[in-house]
Amino acid sequence: MSAIKNTEITARDAGFISCHFCSTLCKLPKHADLKKVELVCPCCKSNIHLRKPNSINRTWALLIAALILYIPANTLPIMTFTLWGDGQPDTIISGVIHLMDGGMWPLALLIFVASIFIPVLKLIILTMLMISIHLKARWKPKDRTVLYRITEFVGRWSMVDVFVIGILVTLVQFGNSANVTPGLGALSFAAVVILTMFAARAFDPRLIWDVLESETKSGSKKTVSNKDNKQMVKP
Amino acid sequence: MDQSNHTSVNITQIACHDCDLFLQVPQLRVGQSATCPRCNAFLFKNQKNSVDRSLAFAITGLILYVISNMFPLLSLRALGTTQDETLISTSVSLFKADMPLLSIVVLFTTVIFPATTLLGTIFILMQVKMDKFNDYTAPLFRFLRSTDTWGMLEIFMLALLVAMVKLGDVAEVVFGTSLYAFCLLILSLTLLSYSLNPHDVWSKLRNEITQ
Ligand SMILES: [Zn+2]
């Protein structure tokens with residue numbers, strides 16, 4: 001095990017800036033006005049920033065767009081199953097209820113988790129994280145970072161219902177006797193999933209931790225404690 | 001971009017990407033991984049033969065990807081006719097059903113991004129093996145890293161299972177020739193993302209540039 005020296009300061013306070021893509025650590029040029037100069041990562045040539053630029057505004061914009069589209073995603077039909085000219089439109093919720101009525105419990109649970117539980121959870125977590133940033137909350141930064149990682153990791157699985165619709169539309173094409181057509185609800189739902197994925201990406205988890213830094217700097221008691229640090233290297 | 005904007009690189013330290021904690025780069029033994037002591041973020045790992053293994057999985061994946069696209073994955077037999085499901089036919093039929101935007105989303109997540117991931121990863125890892133880099137290596141790898149979450153074949157696999165169960169009640173579902181190749185493709189993609197170590201690739205590139 002190699003011992004890790006923890007400096008207990010952030011890279012920004014130490015005068016360094018880390019590239020978002022390749023995590024190359026660069027020394028901040030002295031007296032550089034970051035608002036005027038775009039710094040370029042010497043390794044991967046992307047523009048580097050101390051924090052994701054305009055993170056709060058962009059996350060809010062994407063999040064609010066997703067919240068608005070969540071309404072048509074749930075009220076408009078995601079697909080229509082037509083049998084002998086008799087059309088039966090399904091929304092996300094009625095689709096889950098039909099699966100339960102048909103006795104397909106595991107499937108109903110899966111679609112419920114992917115299409116209702118995960119998107120709602122994601123919207124709630126991101127909104128709460130954003131509010132906590134605005135309130136400059138110092139409450140459990142580690143747990144909030146974990147919540148952020150969950151939204152980032154789990155969000156894409158909501159696309160499963162969109163793919164199911166695509167597959168059904170492809171397979172069930174029997175002229176006038178039986179076919180499946182996609183509805184606008186499916187498009188809205190896909191947009192919600194994609195927008196929340198972008199919102200999670202626009203959010204900068206370092207903002208959760210920055211509040212603790214400003215406390216330290218202003219001379220109040222040191223909040224970046226090292227006492228409950230776990231060993232950095234895992235076997 | 002102005003060259004004077006380039007700054008000096010610090011290779012003995014690293015910043016946590018989730019909480020910006022300033023850390024010494026730990027020396028890892030094979031099989032170890034480093035996490036941030038403050039927020040527990042995964043930083044990087046040291047794996048044996050990471051490049052060779054990833055290259056093997058990527059090449060296997062590419063072959064399986066081609067096979068998966070050649071034959072149907074599933075077929076539905078009803079009323080005397082058969083409908084086939086291939087990877088590309090999903091976006092084609094959505095396009096025909098007046099859903100061009102949805103069709104584009106499905107095309108990118110199930111056809112284009114998986115293909116660019118496999119081809120790009122092979123290209124980059126070949127360069128890493130031969131220690132020859134050019135101006136396109138870094139932007140290409142950046143593109144691959146940022147489109148990684150948008151390749152959704154494993155989710156498509158789950159959707160195939162759901163569709164199979166849903167339709168199994170009303171019609172005869174036939175496994176397609178490509179379904180087996182597709183399952184193995186998902187396996188190789190999973191193993192690829194597990195064995196690929198982006199940190200190693202970036203370190204090589206960084207050494208190349210800063211020396
Ligand atoms: Zn951290």
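Computed from heavy atoms alone, side chains included, the values below leave out hydrogens, waters and symmetry copies. Chain identifiers are assigned alphabetically (A, B, ...) following the order of the sequence lines, protein sequences preceding nucleic acid strands; residue numbering begins at 1 within each chain.
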Pick whichever of A:L184, A:V164, A:I111 has the most heavy-atom pairs under 4.5 Å with chain B.
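Among the listed options, the one with the most contacts to chain B is A:V164.
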Checking [X] against chain A: side chain, backbone, both or neither under 4.5 Å from a heavy atom?
X: B:L167; value: side chain
X: B:M152; value: both
X: B:K45; value: neither
X: B:L74; value: both

Determine whether the aromatic ring centres of A:F198 and B:W150 lie less than 6.0 Å apart.
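Yes, close enough.
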Engaged part of [X] at the chain B interface, taking heavy atoms whose separation is under 4.5 Å:
X: A:L107; result: side chain
X: A:I167; result: both
X: A:V162; result: side chain
X: A:F21; result: both
X: A:L207; result: neither
X: A:L99; result: side chain
X: A:M104; result: side chain
X: A:A114; result: neither

Within the structure provided, determine whether A:T24 and B:W202 are in side-chain contact (heavy-atom separation under 4.5 Å).
no
Between A:R201 and B:T149, a side-chain donor and acceptor under 3.5 Å
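Side chains of A:R201 and B:T149: pair found under 3.5 Å.
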